[in-house]
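Letters A, B, ... mirror the listed sequences (proteins, then strands); counts begin at 1.
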Amino acid sequence: MSNPEKENTKTDDKLNFVQNIISNDQQSNKYDGRILTRFPPEPNGFLHIGHAKSICLNFGIVEKFPGALCNLRFDDTNPAKEEEKYVESIKEDIKWLGFDWKDRLFFSSDYFDKLYEYAVKLVKKGKAFVCDLSTEQMRAHRGTITTPGKESPFRNRTAEENLGLLEQMKKGEFKDGEKTLRAKIDMASPNLNMRDPVMYRIIHTHHQRTGDRWNIYPTYDFAHGQSDSIERITHSICTLEFENHRPLYDWFLDELDVYHPQQIEFARLNINYTVMSKRKLMQLVTEMHVSGWDDPRMPTISGLRRRGYTPESIRNFCERIGVGKVNSTNDVALLEHFVREDLNRTAMRVMSVLNPLKIVIVNYPEDQEEELDAVNNPEDETKGTRKVPFSKIIYIEKDDFMEDPPKKFFRLAPGREVRLRYAYYIKCTDVIKDENSGEITELHCTYDPATKGGDSPDGRKVKATLHWVSVKHAVMAEVRLYTHLFNREDPENAEDGKNFTSCLNLDSLKTLRNCAVEPSLATAQPEDRFQFERLGYFCVDKDSTKENLIFNRTVTLKDTWAKVQKKK
RNA sequence: UGGGGUAUAGUGUAAUGGUAGCACAAAUGAUUCUGGUUCAUUUUGUCCGGGUUCAAAUCCUGGUACCCCAGCCA
């Protein structure tokens, strides 16, 4: 037995390494006790669960530390790739997850004037220059990982000349790519980011917020650190790949002599059986491997929402996986665990038959109908009960009958008695087959009227309880069964020469159009979530209508019978 | 190969010189009108080699492995 005194360790009080740094900084009054983080998405695609990790981290700081704040800042420095519609979807997803940026909504483009001022300052200091090198030439000058680069022949233009050229760039007097503004740092630096990186490039493209006002746009490297500085962010939390950029951000901030946030890098989220880069997700969409960004198989927030995931379950997942600096891949089973946990608590129970098999209860009166009481949620008494109609002909699940059952099969079989949930005990007396195909078309059963409600007065036990739907009262529906999008744990590492799409699971969506659901589901609305008893959790799809009900399977129930079968 | 990072059960994450813990996964049993839930129990770990110390996942030292960087993407 464990020692009760030791059980006081509250896991929720444990801080991850980022929170530890912040906690220490707050205690030491490092930023006058201020804490300000930010979530900085680029509006060039939909948010995925990897972003959710970052959102939970950044906005979660607000909940963890009194007085802390978190900005939402769109990093919109590349008009060629960004769109307004992405801004809207990103906002929607953050709200849906349950976070609120209040009035702290910003855009990097808000700072274009300031950023340009900064650039001018560096030019005047002799720390930046206008370069005429083409992309190819610049690459050649950059050197390699092991050999130093060569300085640009334009590196020594005078400040006056550079100022004039920069002004002309800004006015749109040059073509795209004709010139760049570069920082003058060190072409021999072992850190490639320090080899005179580009600060501004010429892009004659309409910007979703600044219109046609600018012909030059700052690079991410020149915009990001300064934007954090302008907003007086205390802790700039970003992913591991920016570790190499930190010295560059430091250099800009130091040369500019402005406020200096602290950058902390953490490992981005990976999950097995899926991909997590915007580029690859975009490819799945454009190549039509999925129906869109919100396809229920996508790891996007909108996809997970449509699949039936709850914000709570995603947040719990993000909390549990922790935050570290090691590249790691989480098991999708953990994510599934958290939806099951949440939905078990909250989802209404309901009976639906996915693959109907007709049963005629031969000794049940022809025209009789009964309304039976069914529990809405055994985990929550306050959810009450509902009436479910019963009659002579019902559907059960095809999988719940076997003519020649193996040892561990507890369900219906010839001569065997089982319980119909909330209804009666029934015993199978006849198996009716199609003469030609030999396929089972219906079952004949008898029922025991004394077992009404599901209990036998004589204490007789049955080994199985089956869900069912009365044929006469059934509402027909379409059900979409989803499984992993990829049949390989690590689709990124496809076999030689093949890309990740070669690992696509062609059976990741199975549509059933002839499902019988209980009548209470007739009025279900999009995003309503249910537990189909004994089957799994299901969510009404956004395309569902009264005439054509559509349910998406979020996740199956844990299924030890399936496990037993798999072992064979 | 230069530079920057990182190594703790199958997976992910704690332990900040003092009993290697938690969650998921896996396994066993109990309960159950969901083969669900719940409960109990079990298996499995400090990358490797040296050193310091009464005591090392933690400190020192030497290896090894993996990740990131050669966009006018972010």
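- Side-chain N/O atoms of Thr329(A) include none lying less than 4.0 angstrom from OP1 or OP2 on G12(B).
- One P atom belongs to G3(B), the other to G63(B), and the distance between them is 14 Å to the nearest Å.
- Nucleotides U38(B) and C24(B) have their P atoms positioned 9 Å apart, rounded to a whole Å.
- Two rings, from Phe538(A) and Phe530(A), have their centers 6.0 Å or more apart.
- Side-chain atoms of Pro378(A) lie closest to G36(B) of the nucleotides A27(B), G36(B), A23(B).
- Nucleic acid contact for Leu133(A): base, since at least one base atom lies under 4.0 Å from a heavy atom of the residue.
- Looking at which nucleotide of RNA chain B each of Thr560(A) and Thr135(A) is closest to, the 5′-most match is held by Thr560(A).
- Residue Phe317(A) is classed as having no contact, given no heavy-atom separation below 4.0 Å to the nucleic acid.
- On the C1' atoms, U16(B) is 8 Å away from U58(B), given to the nearest whole Å.
- Under 4.0 angstrom from either OP1 or OP2 of C73(B) there lies no side-chain N or O belonging to Lys278(A).
- Rounding to whole angstrom units, CG of residue Asp331(A) and P of G10(B) are separated by 14 Å.
- Here Asp455(A) lies in heavy-atom contact (under 4.0 Å) with a base.
- Taking the six-membered ring for Trp and thresholds of 30 and 60 degrees, Phe532(A) and Phe551(A) have ring planes more than 60 degrees apart, a perpendicular arrangement.
- Base engagement by Arg419(A) is indicated by at least one non-hydrogen atom pair under 4.0 Å involving a base atom.
- Atom pair Asn16(A):CG and G12(B):P shows a separation of 17 Å (rounding to whole Å applied).
- OP1 or OP2 of G71(B) has at least one side-chain nitrogen or oxygen of Arg142(A) nearer than 4.0 Å.
- Residue Glu379(A) is in base contact, counting any heavy-atom pair closer than 4.0 Å across all strands shown.
- Rounded to whole Å, the C1' atom of U8(B) lies 15 Å from the corresponding atom of C48(B).
- Heavy atoms of Val375(A) sit nowhere under 4.0 angstrom from any nucleic acid atom.
- Taking the six-membered ring for Trp and the full ring otherwise, the centers of Tyr309(A) and Phe338(A) sit at least 6.0 Å from each other.
- Distances from the side chain of Asn20(A) to the nucleotides A15(B), G36(B), C72(B) place A15(B) closest.
- Here Glu336(A) lies out of heavy-atom contact (under 4.0 Å) with every strand.
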All N/O contacts under 3.5 Å from nucleotides 4-8 of chain B to the protein, with atom names and distances to one decimal?
residue: G5(B); atom: O2'; partner: Glu243(A); partner atom: OE1; Å: 3.3

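- Looking at heavy-atom distances under 4.0 Å, Ser328(A) makes contact with sugar-phosphate atoms alone, never a base.
- Taking atom CD1 of Ile321(A) as the reference point, atom P of C24(B) lies 15 Å away to the nearest angstrom.
- Taking atom C1' on both C39(B) and U64(B), the two are 45 Å apart, rounded to the nearest angstrom.
- G4(B) and A20(B) are spaced 36 Å apart, taking the P atom of each and rounding to whole Å.
- With its glycosidic angle more than 90° from 0, G4(B) adopts the anti conformation.
- Here Lys452(A) pairs with Glu370(A) in a salt bridge; the nearest charged N to carboxylate O distance falls below 4.0 Å.
- Rounded to whole angstrom, the span from the CG atom of Asp221(A) across to the P atom of C73(B) amounts to 11 Å.
- The distance from atom CD1 of Ile271(A) to atom C1' of A25(B) is 15 Å, rounded to the nearest whole Å.
- In this pair, Tyr249(A) and His224(A) present their aromatic rings tilted. The plane angle is within the 30 to 60° band.
- Summarising the base pairing, C39(B) is matched to G29(B) through a Watson-Crick or G-U wobble pair whose two defining distances lie under 3.5 Å.
- Within the nucleic acid shown, Arg279(A) has no heavy atom closer than 4.0 Å to any nucleic acid atom.
- Which of G35(B), G36(B), C72(B) sits closest to the side chain of Phe410(A) comes down to G35(B).
- The distance from atom CZ of Phe338(A) to atom P of C22(B) is 16 Å, rounded to the nearest whole Å.
- Arg345(A) has its CZ atom 21 Å from the P atom of U34(B), to the nearest Å.
- Which of U34(B), G36(B), C24(B) sits closest to the side chain of Lys558(A) comes down to G36(B).
- Comparing atom distances between the Arg139(A) side chain and each of U34(B), A14(B), G71(B) picks out G71(B) as nearest.
- Counting any heavy atom pair closer than 4.0 Å across all strands shown, His245(A) reaches a base atom.
- Note on ring orientation: taking the six-membered ring where Trp is involved, the planes of Tyr447(A) and Tyr424(A) are perpendicular (angle over 60°, cut-offs 30° and 60°).
- Ring geometry for His48(A) against His51(A) counts as tilted: the plane angle lies between 30° and 60°, on a 0 to 90° scale.
- Distance NE2 (His204(A)) to P (C72(B)): 18 Å, rounded to an integer number of Å.
- Rounded to a whole angstrom, the distance from the P atom of U42(B) to that of G21(B) is 12 Å.
- Contacts between residues 75-83 of chain A and RNA chain B, counted as heavy-atom distances below 4.0 Å, involve Asp75(A), Thr77(A), Asn78(A), Lys81(A).
- Using a 4.0 Å cutoff on non-hydrogen atoms, the parts of residues 189-203 of chain A near RNA chain B are Pro190(A), Leu192(A), Val198(A), Arg201(A), ordered by number.
- Figure legend: Arg73(A) and Phe106(A) shown without cation-pi pairing, the cationic atom not lying both under 6.0 angstrom from the six-membered ring centre and within 45 degrees of its axis.
- Mapped onto RNA chain B by nearest heavy atom, Asn344(A) and Leu535(A) fall at different nucleotides, with Leu535(A) at the one closer to the 5' end.
- Comparing A65(B) with U46(B), their C1' atoms are spaced 16 Å from each other, to the whole Å.
- Taking side-chain N and O atoms only, Arg534(A) has a distance below 4.0 Å to OP1 or OP2 of G35(B).
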